[in-house]
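All remarks here apply to the structure that follows.
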2 protein chains.
Amino acid sequence: MASARQISGPCQAWPEDSAFIREVLDRIGDKWTMLTISTLSAGPLRYSDLQANIAGISQRMLTQTLKHLERDGLITRTAYAEVPPRVEYELTDLGRSLIEVVLAMAEWAVAHHGEIAGNRAASELTGIGRAKAAAKASAG
Amino acid sequence: MASARQISGPCQAWPEDSAFIREVLDRIGDKWTMLTISTLSAGPLRYSDLQANIAGISQRMLTQTLKHLERDGLITRTAYAEVPPRVEYELTDLGRSLIEVVLAMAEWAVAHHGEIAGNRAASELTGIGRAKAAAKASAG
DNA sequence: CTGAATCCCGCTCGATACTG
DNA sequence: CAGTATCGAGCGGGATTCAG
C-alpha cells in the first residue's frame with residue numbers, strides 16, 4: 001500500500017491515474033459511504049444500529065449506500081429469518097482495505113482542520129472570499 | 001501521519017472523528033478538488049494549463065475549486081501583471097500534505113478497481129442490484 | 001425491525017455569453 | 001489569457017408513507 005510512487009520533488013503528473021481517482025471518488029466520495037464504512041470498521045452492525053450511529057442519515061440514504069457497498073463487494077449483508085427481523089452488515093476484506101484510506105483521510109483532517117479553519121477565517125478578512133464571504137458577512 | 005490509531009483488530013468506532021470525516025469529505029470529496037490537487041502535485045501551473053490537464057472541467061468549476069483551495073490555504077495564487085495576463089497556482093505545504101491522502105486513494109483505486117468491477121458485474125447477475133440493474137438490463 | 005416507494009426541494013454543475 | 005455573471009437541467013437527498 002505504501003509508496004508505490006514518490007511524492008516529493010518535481011515528478012510528472014499521472015494523468016493515467018486521474019480516471020482511477022475519479023472512479024474511487026465517484027464511489028466513496030458521496031455523502032455517506034465513508035461514514036458507513038468507518039462505522040462498520042468496529043464490527044458487524046444491524047441496520048438500526050447503523051442508522052443510530054451515523055447520525056443524520058435517512059433510511060433512504062442508508063439503504064442506498066448499503067446497497068451500493070454490497071454491490072461493489074465492500075460489505076456483506078446477512079438477513080436472519082427471525083421475528084423481529086434482523087439484518088447485519090459487515091465489511092469484507094476489500095471493505096476493510098478501504099479503512100486505511102478512510103483512516104488516512106481522517107487523520108489528515110484531524111491534523112489539519114484547525115489550520116484550514118484558520119486559513120479560511122484569515123482569507124475572509126483579507127478579501128479572498130469576496131463574493132460569498134461579503135454576502136454572508138453582511139447578512140449575518 | 002501514520003498510525004495514530006491501530007486499524008487492525010476489533011477496535012471501537014470513533015464517533016468523535018465522524019465530524020472530521022464529514023468535514024474533509026465536504027472539502028475534498030467534491031468532483032474536482034482531488035484532481036486539481038493531484039494535477040498541481042507536479043508543480044505550479046497556470047489557469048489554462050490546469051483546465052487543459054484536468055480534462056472535462058469547466059471554467060466555472062475550475063475557478064470555484066481554485067478559490068476554495070486558496071481560501072483554505074491549500075494552494076497559492078500568483079498573478080503577474082503582464083500582457084498577456086499570467087496566473088500561476090501552486091500547492092502550499094498544507095496542500096502537499098494532502099497529496100499523500102490523494103495518493104493513498106489513488107493506489108487503493110488502482111489496486112482494487114478491477115476487483116470492484118468484478119463484484120459489481122457478479123452482483124448484477126445474482127440479482128443484488130435488482131431494481132436499477134433490472135431496469136437497465138431490460139432497457140438496454 | 002427492515003426496508004421500498006413516492007414526492008419534492010435545493011443545490012450542484014455544465015453551457016453560454018460577457019469583461020478586463 | 002483569466003476570469004465573472006446568468007440561466008437551466010439533473011440529481012442528490014430529506015421527509016413521509018407503505019409493506020413484509
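Because only heavy atoms are used, hydrogens play no part in the values below, and waters and symmetry mates are left out as well, while side chains stay in. Residue numbers start from 1 in every chain, and the chains themselves are labelled A, B, ... in the order their sequence lines are given, proteins ahead of strands.
- Distances shorter than 4.0 Å separate some side-chain N or O of B:Lys67 from OP1 or OP2 on D:dT4.
- Here the straight-line distance linking atom CD1 of A:Ile54 with atom NZ of A:Lys31 works out to 13.0 Å at 0.5 Å rounding.
- The number of heavy-atom neighbours closer than 6.0 Å to CG of A:Asp93, taken from other residues, nucleotides and ligands shown, is 12 or below.
- Closest to the side chain of B:Thr63, from the set D:dG13, C:dG14, D:dG3, is D:dG3.
- With no hydrogens or angles considered, a side-chain donor-acceptor pair links B:Tyr47 and B:Thr63 at under 3.5 Å.
- Straight-line distance from the CD atom of B:Gln51 to the C1' atom of D:dG3: 10 Å, rounded to whole Å.
- In this entry the distance linking CG of B:Asp30 with P of C:dC11 reads 16 Å, nearest Å.
- The distance between atom NZ of A:Lys31 and atom P of D:dG13, rounded to the nearest whole Å, is 6 Å.
- Using modelled atom types, one side-chain atom of B:Asp30 and one backbone atom of B:Trp32 make a donor-acceptor pair closer than 3.5 Å.
- Between the CE atom of A:Met61 and the C1' atom of C:dC9 there is a distance of 14 Å, rounded to whole Å.
- Using a 4.0 Å cut-off, no side-chain N or O of A:Ser58 falls inside it from OP1 or OP2 of D:dG13.
- Atom NE2 of B:His112 is separated from atom CG of A:Leu98 by 7.5 Å, given to the nearest 0.5 angstrom.
- Spacing between atom CD1 of A:Ile54 and atom P of D:dG14 amounts to 12 Å, rounded to whole angstrom units.
- Spacing between atom CG of B:Leu66 and atom P of D:dA2 amounts to 11 Å, rounded to whole angstrom units.
- Applying the 4.0 Å criterion to OP1 and OP2 of D:dT4, one finds that B:Tyr47 has every side-chain N and O outside that range.
- Atom pair A:Leu62:CG and D:dA15:C1' shows a separation of 15 Å (rounding to whole Å applied).
- Not a single donor-acceptor pair under 3.5 Å links the side chain of A:Asp49 to the backbone N or O of A:Leu45.
- In this structure, B:Arg60 atom CZ and D:dA2 atom P are separated by 20 Å, rounded to whole Å.
- Between C:dC1 and A:Arg46, no contact under 4.0 Å exists linking OP1 or OP2 to a side-chain N or O.
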request  = Just do the side-chain contact (heavy atoms from CB on, under 4.5 Å) check on A:Ile37 and A:Ile75 with the steps written out, would you?
outcome  = CA-CA 9 Å; A:Ile37 290 176; A:Ile75 64 172; 5.6 Å; no
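- Residues from residues 76-87 of chain A that place a heavy atom under 4.0 Å from any atom of DNA chain D, listed by number: A:Pro85.
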